[in-house]
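None of these values were measured; they are calculated from a predicted model.
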Amino acid sequence: MSAAVPSAIAAAPASALRLRGLRVRYAGAAAPAVADFDLDVAAGETVALVGASGSGKSSVALALLGLHDASTEVACGELAIGGADAARLDAAGWIALRGARVGWLPQEPGAALDPLCTIEAHVVEALDPARARPRADAAVEVPRRLERVGLADAARIARSHAHQISGGERQRALLACAIARAPALLVVDEPTSALDTATAEAIAQLLVEFAREGTGIAVITHDRAFAERLGARIVRVGPQAQLHSQPQPQQPPAQPPQQPAPSAGAPAGARGAPVLRVADLVVEHEQPGRHWLRPARRRVLDGVSFELGAREVLGIVGRSGSGKSTLLAALARLVDVSAGRVELARSSGGVDWLALRGAALRSARRDVQLVFQDPLLALDPLQSALDAIAEPIVAHGIAAPEEAARRARALLGEVGLRAEHAARRPHELSGGERQRVALARALATEPRVLLLDEPTAALDAQLRDQVLELLLRIQRERGLAIVLVSHDPVLVRERCARVLTLDAGRFA
């Protein structure tokens, strides 16, 4: 086993990637996730791996980065990245290869960033893993790198931690890290699944620019339209034979998203009495200031007020960074609220949701459940999918462990997962499969209010419709109230009776 990256290349190679006969089998799986897969990416070429959720796209990406764990069987006949032989690298060799020859933009940016480090620290490490460069250079170099990927307020973002910036800003910060040392190959996993239309288009344009500069790009996506906007060659991943098409013509930039209005066919339903009353909600985040004892504060939500009726599906849209995810986190009692009031209707009567503490708060949490935008952050990496779903059933006293396991298996089936997924841990699931486990876990407590933060962003169109139909059926049967945050105006128009637009922390 080679312990270092071969140094046979002096100039940029003509081939960014050559892969032959990739096979990936997860421990305990009846069949391989990927079998006999071949892929070529030339320098400056963009290739899109397209397929349904769970088809093996992310398994291919992890193999290209040497990130599968020891329990997963990974084998291939040939793997050359930027001219370096990666088929026989050991752990030290992969560490040397990543960043230098292959860059990585993962699907869940929140899970990829160290919560204890600033964005500046991440970019500095990506630029200089050996830490041979003087630290003073970071003050100039890091903002320049962040501006390169379209982050206008680069100085603020450089000082921030991951939880202090939006999902779109995290995605771009990771992109700056991925391209820091100009790798020959950039592997991008669902780069725009949780972004609004304008931000997604900006990311697409950045990828097009990188390809023009000579970077080979492998894009993992279930969105064929996005792949076509990149002018990518399409490679289908799945049980069918791989299909290679000609490069698609570059599409014109998408128009900025317009405020959606509910269509005539939107499910109006009979809106019941308010189950949530939100009045003048204010959330502020601390931002690093000039002195560590006097941090600056940035207002993320500024006087938000609305009511959510029983049986209502309320849509909330807005650009990346407008405060959508922060609003849901505040309603779920996961971030501190600076001012305002939230009244929650329970079977015992209305309660001041923000004033609950201790046992009363633990009991009321059963009624308000949140599905996170990044499911990898929400699931215990050591728990199986079955245990993750059964845990809240037992914790809230809904059922004993044996009955909880039975209910968890039923929920797995309802969200479209097979029996073999029950024993898998989060890293053994695709992004779409993780999202379905998170949905099942949220439904397990039979909540009255379901907060959905981009719940279908990681799913292909067919599965997205299936999961949404499931949610709406459960919503109708249980009288569930739903707040649906999405960047997809079409989805919101079709599924929500009422739509609110959040802009810079306020409802427009």
Side-chain angles (χ1 to χ4, degrees), residues 267 269-278 306-316 324-325 327-335 342-354 356 359-373 375 377-380 385 387-399 403-404 406-415 434-456 467-486 495-498:
R271 182 181 170 193
V275 66
L276 270 184
R277 286 192 176 95
V278 181
F306 69 96
E307 289 186 352
L308 175 69
R311 301 183 299 278
E312 181 182 14
V313 182
L314 172 66
I316 296 181
K324 305 185 300 299
S325 294
L327 173 59
L328 293 194
L331 296 179
R333 292 290 304 272
L334 297 180
V335 298
V342 178
E343 182 178 330
L344 171 66
R346 303 195 70 200
S347 56
S348 57
V351 298
D352 184 349
W353 174 233
L354 300 181
L356 294 178
L361 175 59
R362 288 193 294 274
S363 174
R365 282 195 184 280
R366 171 181 175 175
D367 288 342
V368 181
Q369 289 291 308
L370 169 63
V371 177
F372 291 84
Q373 181 173 326
L377 290 174
L379 299 172
D380 187 330
D387 289 342
I389 299 168
E391 181 183 46
I393 300 176
V394 175
H396 284 282
I398 300 170
E403 172 62 16
R406 188 193 66 78
R407 294 190 184 194
R409 288 190 184 91
L411 282 165
L412 278 172
E414 280 195 287
V415 297
R434 286 194 291 266
Q435 190 65 285
R436 282 176 273 171
V437 172
L439 281 169
R441 179 181 169 90
L443 292 169
T445 65
E446 301 175 351
R448 303 191 69 198
V449 178
L450 191 60
L451 309 172
L452 304 176
D453 193 355
E454 303 284 3
T456 60
V467 170
L468 286 172
E469 287 303 323
L470 165 68
L471 285 170
L472 292 176
R473 177 176 62 77
I474 293 174
Q475 180 259 337
R476 291 190 296 268
E477 292 173 353
R478 303 182 186 179
L480 191 64
I482 293 178
V483 180
L484 173 61
V485 162
S486 178
R495 306 292 179 171
C496 301
R498 191 161 56 105

- Query: Does the pair Leu450 and Leu471 meet the rule for a side-chain contact (heavy atoms from CB on, under 4.5 Å), with working shown?
  - Reply: CA-CA 10 Å; Leu450 191 60; Leu471 285 170; 3.9 Å; yes
- Does the side-chain contact (heavy atoms from CB on, under 4.5 Å) test come out yes or no for Glu307 and Val275, once each step is laid out? CA-CA 8 Å; Glu307 289 186 352; Val275 66; over 6 Å; no
- Query: What do the steps show when you test Val485 against Leu451 for side-chain contact (heavy atoms from CB on, under 4.5 Å), and what is the final call?
  - Reply: CA-CA 8 Å; Val485 162; Leu451 309 172; over 6 Å; no
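Annotation: side chain of Val415 is not in contact with side chain of Val437 (no heavy-atom distance under 4.5 Å). Inter-residue side-chain proximity for Pro455 and Leu439 is flagged as met; some heavy-atom pair is nearer than 4.5 Å. Residues Leu484 and Leu314 form no side-chain contact, since every pair of their non-hydrogen atoms from C-beta on lies 4.5 Å or further apart. The shortest side-chain heavy-atom distance between Leu331 and Val368 does not fall under the 4.5 Å cut-off. Looking at heavy atoms from C-beta onward, Val483 lies in side-chain contact with Ile316 at the 4.5 angstrom threshold.
For the atom pair CZ of Arg498 and CG of Leu308, the computed distance is 7.5 Å after rounding to the nearest 0.5 Å. How far CD of Gln475 is from CG of Leu468: 11.5 Å, rounded to the nearest 0.5 Å. With rounding to the nearest 0.5 angstrom, the CG atom of Leu411 is 14.0 Å from the CZ atom of Arg436. Taken to the nearest 0.5 Å, the CZ atom of Arg346 stands 7.5 Å off from the CG atom of Leu356. Distance CD/Glu343 to CG/Leu354: 11.0 Å, rounded to 0.5 Å. Here the CG-CG distance, from Leu334 to Leu328, works out to 10.0 Å after rounding to the nearest 0.5 Å.
Looking at Arg441, its side chain does come within 3.5 Å of a backbone N or O of Ala388 through a donor-acceptor pair. A donor-acceptor pair under 3.5 Å is formed between the side chain of Arg333 and the backbone N or O of Trp353. The backbone N or O of Thr445 sits less than 3.5 Å from a side-chain atom of Arg366, completing a donor-acceptor pair.
Between Arg473 and Glu414 a salt bridge is recorded (basic side-chain N to carboxylate O distance below 4.0 Å). Between Lys324 and Asp453 there is no salt bridge, since no side-chain nitrogen of the basic residue lies less than 4.0 Å from a carboxylate oxygen of the acidic one. Ion pairing between Glu469 and Arg495 holds under the 4.0 Å rule for side-chain N and carboxylate O.
Among all heavy-atom pairs drawn from Ala408 and Ala390, the shortest one is CB-N, 3.9 Å. Nearest approach of Glu446 to Arg407, heavy atoms of both residues: OE2-NH1, 3.9 Å. Nearest heavy-atom pair across Arg365 and Gln369 is O-NE2, 2.9 Å. For Pro274 against Ala345, the heavy-atom pair with the smallest separation is O-CB, 3.7 Å. Smallest separation of non-hydrogen atoms from Gly309 and Ala481: O-CB, 3.5 Å. Counting all heavy atoms, side chain and backbone alike, Asp367 lies closest to Pro447 at O-CB, 3.7 Å.
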